[in-house]
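Worksheet: the structure to be examined is printed underneath.
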Amino acid sequence: MTNFVSQIRRWPQGIRFYIGLTTVLVTAEMYWYTKSVYGDSNTAAIRLQDIYAWLSLSLILLALAIGPLCSLLPNIRGKSLLRDARRLIGVSAAWFAAWHVGISYINQFKAANPLTLPAAYQRAFAVGAVAMLILLALAGTSFDAAFKRLGVWWFRLHRLIYLSVLLILFHAFAIGVRSVSWPYIGTLTLVIGLLFAAHLYLGFGPGKEPTILRSIVLCYGLLITIAVFAYGYSQHLGLSDIAGNSQGGQYESR
Amino acid sequence: MNHAKRFGGMLTLAVVVAASLFNASASAHVLQSDNGVSAILHIKPDDNPVAGKPVPVNFLFSNDVGGFSLNDYKVQLRLIQNKTVKFSSPVPPLFFGASTEGETMATFPEVGVYSLQAKGTPVEKDAPPFTLNFTVRVASAADGKTGSGKTAVILSGFSLIILGMVAAKTIQTGGKYRKPKLK
Ligand code: HEM
């Protein structure tokens, strides 16, 4: 018991404690902000789930950037702090994603039977649900005890984050309104492009001897990511089901 | 594993609380159902209509048994305020041959809360009739906002800055991330 208490006393000395606090604070503040801007209307709920969704995706990308950043700049200041922060940034991303899912599905969609929804939403929700499950599994195993217990499986499990990002992108491009607009899809392309460039440099750069597995994973990862973005840009360029700039053709298949 | 269980419980609770916070009436980009027919309403471009400005009102229809077809119905859109119909227009398919998506231009004449009604009268005898009512709030400003949110932004910004300062100070004095000095 005294051990536990002394452990709690040490929490404020670490960055994770503040990331947790900030996450809870921002959750409440965003609720307050949307309520004060959009009142009691449902637009407030729509904006709020949107903000939580983008916060979640941004945090995932931030967590994914820390590894390559520390490897590319080995003398960077605060490296141990960044590494320590990474896991809680991921937990925070799962937290915001859960709010996004809860608000959009229960409030906007009245917890409707997914089988009765239009096909475009069925597809996007199925993909989003898998991404959410992955985020929850990763968040649930982001604590030291799970890390020690799972051993090498911890690293294998946590690689699923890359799959989760691809699913989230597909989901967002399929039914999001903002995600297929220039500022959003452009920024996503830039950030994810830079992440890939960093991984390619670290894997294949000067003095590196990439393993076959790494080469295969990177190549296929790149191809699939390009495919997902091609889908996103096709939505942007006027074939979107939901964003409303459709030209017609693909509606036949729905 | 106890941590994981506790965390899972916390997240579930959070989702339930989040949902209960938003029991407001239905509005844009939401689903409504009646008599086995559902529609997702999207007021373009961002579900935030402004008084006096024509906006495209879009419906994505589906039904419980599958195979919904707009050709089986005559769908009428009505904007109702204080029991008076302020605007009315048929909802044609979005393009020739579209079976599940209908769209029409509509103007909310003034600020306030409207009941946006989509009423489907079957022209095919097997199709069930439906009346879907969405509540839509229309703002006056050109940006569709009902408040500025300035206080929320300023106070939130302050609280985050203060938290950041406390964090920096405590972490620095705690020394958890300090490199051990080489002797
Ligand atoms: C079953 C699970 C999920 C459901 C029911 C769901 C629901 C939705 C809905 C209804 C939208 C359209 C919002 C709108 O434009 O009004 C949306 C968009 C989006 N969702 Fe999800 N979502 C799920 C999972 C996730 C997860 C796990 C993430 C992770 C971060 C996520 C991120 C996004 C993003 C980034 C958008 C784009 C928003 C925009 O374009 O403005 N979703 N989601």
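All values derive from a computational prediction rather than experimental measurement.
For the atom pair A/T22 OG1 and B/L163 CG, the distance stands at 4.5 Å (nearest 0.5 Å). Here A/L117 contributes atom CG and B/S38 contributes atom OG; the two are 7.0 Å apart, rounded to the nearest 0.5 Å. Rounded to the nearest 0.5 Å, atoms CE (A/M30) and OG (B/S156) are 6.5 Å apart. With rounding to the nearest 0.5 Å, the separation of CH2 in A/W32 from OG1 in B/T151 is 6.5 Å. Here the NE2 atom belonging to B/H42 is positioned 11.5 Å from the CD1 atom belonging to A/I175, to the nearest 0.5 angstrom. Put simply, OG1 on B/T173 and CD on A/Q13 are 7.5 Å apart, with the number rounded to the nearest 0.5 Å.
In terms of the side chain to side chain contact (heavy atoms under 4.5 Å, CB included) criterion, residue partners of A/L81 (sequence neighbours excluded) are, by chain and number, A/I15, B/I171, B/Y177.
Using a 4.5 Å cut-off between heavy atoms, A/D84 touches chain B through its side chain atoms alone.
A/Y18 is listed as a side-chain neighbour of B/T170, based on a closest heavy-atom distance under 4.5 Å. Side-chain contact check for A/V177 versus B/K44: every heavy-atom pair is 4.5 Å or farther apart.
Heavy atoms of other residues, nucleotides or ligands lying less than 6.0 angstrom from CD of B/E110 number more than 12. Few gaps surround CZ on A/R156; more than 12 heavy atoms of other groups in view lie less than 6.0 Å from it.
Residues from residues 79-86 of chain B never place a non-hydrogen atom less than 4.5 Å from a non-hydrogen atom of chain A. Using a 4.5 Å cut-off between non-hydrogen atoms, the part of residues 64-72 of chain B that approaches chain A consists of B/D64.
Using modelled atom types, one finds no donor on one side chain facing an acceptor on the other under 3.5 Å when comparing A/Y121 with B/S62.
Closest heavy-atom contact between A/V37 and B/G149: CG2-CA, 3.7 Å. Considering all non-hydrogen atoms of both residues, A/A112 and B/L31 come closest at CB-CD2, 3.2 Å.
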Distance-only donor-acceptor hits, side chain of residues 125-138 of chain A, under 3.5 Å, sequence neighbours excluded:
none

Review point. Where do A/E29 and B/L160 land on the side chain to side chain contact (heavy atoms under 4.5 Å, CB included) test, with the steps shown first?
Key: CA-CA 10 Å; A/E29 285 170 351; B/L160 289 177; 3.8 Å; yes

